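Everything numeric here is computed off the predicted structure, so don't read it as measured data.
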Amino acid sequence: EVQLQASGGGLVQAGGSLRLSCAASGFTLDDGAIGWFRQAPGKEREGVSCISSSDGTTDYADSVKGRFTISRDRAKNTVYLQMNSLQPEDTAVYYCAAEWGWYYSGTYYLKYGMDYWGKGTQVTVSS
């Protein structure tokens with residue numbers, strides 16, 4: 001059974017940083033891709049970033065490019081999302097998700113989502 005546990009959310013002032021973690025079980029980072037998604041109240045889900053299983057190819061939403069960095073630690077089977085220069089519009093519940101293999105582009109996965117989802121972690125950025 002694939003399980004994904006997101007953590008690291010919290011309350012931060014605008015301009016601050018947070019690092020989210022996604023610990024995977026029943027799924028290794030070599031099996032497929034991991035992505036981060038977010039959903040703010042009243043808004044549609046947005047793909048934030050993803051990282052492929054094979055060569056670690058990464059992709060980002062335009063809204064976070066240059067501010068967020070996705071990375072992985074194979075030994076810990078964990079993917080991280082380093083979020084810098086946070087803004088109030090980044091406030092949302094952040095979810096990590098996993099997909100077996102890497103058959104499409106990062107843009108595709110960020111738009112259509114992935115197969116497995118974990119529970120979210122709340123990120124609140126105050127102005």
As a quick check of understanding, evaluate side chain to side chain donor-acceptor pair (under 3.5 Å) for Asp59 and Thr107, giving each step before the final call. CA-CA 7 Å; Asp59 210 340; Thr107 301; 3.3 Å; yes
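- Under the rule for a side-chain hydrogen bond (donor to acceptor under 3.5 Å, both in side chains), the partners of Asp62 that lie at least two apart in sequence or sit in another chain are Lys65.
- No hydrogens or angles considered: a donor-acceptor pair under 3.5 Å links the side chains of Glu46 and Ser63.
- Atom OG of residue Ser71 and atom CD1 of residue Ile34 lie 12.0 Å apart, to the nearest 0.5 angstrom.
- The side-chain hydrogen bond (donor to acceptor under 3.5 Å, both in side chains) test applied to Glu89 returns no partner, not counting sequence neighbours.
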All N/O donor-acceptor pairs, side-chain side in residues 19-30, below 3.5 Å, sequence neighbours left out:
from	atom 1	to	atom 2	distance (Å)
Thr28	OG1	Asp31	OD1	3.3
Thr28	OG1	Asp31	OD2	3.0
Asp30	OD1	Arg74	NE	2.7
Asp30	OD1	Arg74	NH2	3.2

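- Closest approach of Val123 and Gly9 over heavy atoms only: CG2-CA, 4.1 Å.
- The stretch residues 44-73 participates, sequence neighbours left out, in no ring pair (Phe, Tyr, Trp, His ring centres under 6.0 Å) pair at all.
- Checking Trp102 against Tyr109 by side-chain atom types alone, no donor-acceptor pair falls below 3.5 Å.
- The line from CG of Leu11 to CG of Leu86 is 11.0 Å long, rounded to the nearest 0.5 Å.
- Summarising the geometry of Phe37 relative to Ala97, their closest heavy-atom pair is CE1-CB, 3.8 Å, with the distance given to 0.1 Å.
- Scored by the side-chain hydrogen bond (donor to acceptor under 3.5 Å, both in side chains) test, Thr124 finds Gln122 as partners (sequence neighbours excluded).
- Among residues two or more places apart in sequence or in another chain, the side-chain hydrogen bond (donor to acceptor under 3.5 Å, both in side chains) test is passed with Trp117 by none.
- The salt bridge (Lys or Arg N to Asp or Glu O under 4.0 Å) analysis of residues 90-114, with sequence neighbours excluded, yields the pairs Arg38-Asp90, Arg67-Asp90.
- For the pair Ser127 and Pro88, the tightest heavy-atom approach, listed with the atom from each and the gap, is CB-CG, 3.8 Å.
- Pairs engaging residues 51-86 under the disulfide bond (SG atoms under 2.5 Å apart) rule: none recorded [sequence neighbours left out].
- Taking each heavy atom of Ser52 and Gly56 in turn, the nearest pair found is OG-N, 3.2 Å.
- The hydrophobic cluster containing Met83 also contains Val48, counting ILVMFWY residues as joined when their side-chain heavy atoms lie under 4.5 angstrom apart, directly or transitively.
- The disulfide bond (SG atoms under 2.5 Å apart) pairs that include a residue from residues 30-70 number zero, where partners must be two or more places apart or lie in different chains.
- In the hydrophobic clustering (ILVMFWY side chains linked at under 4.5 Å, chained through shared members), Tyr80 stands by itself.
- Residues Gln87 and Ala14 approach most closely at OE1-CB, 4.4 Å, considering heavy atoms.
- Partners of Tyr112 according to the ring-ring contact (aromatic ring centres under 6.0 Å, His included) rule, which considers only residues two or more places apart in sequence or in another chain, are Tyr108.
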Hey, mind stepping through Ser17 and Asn84 against side chain to side chain donor-acceptor pair (under 3.5 Å) and telling me if it holds? CA-CA 4 Å; Ser17 299; Asn84 298 330; 2.9 Å; yes
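- Between Trp36 and Leu110, the shortest heavy-atom contact is O-CD2, 4.4 Å.
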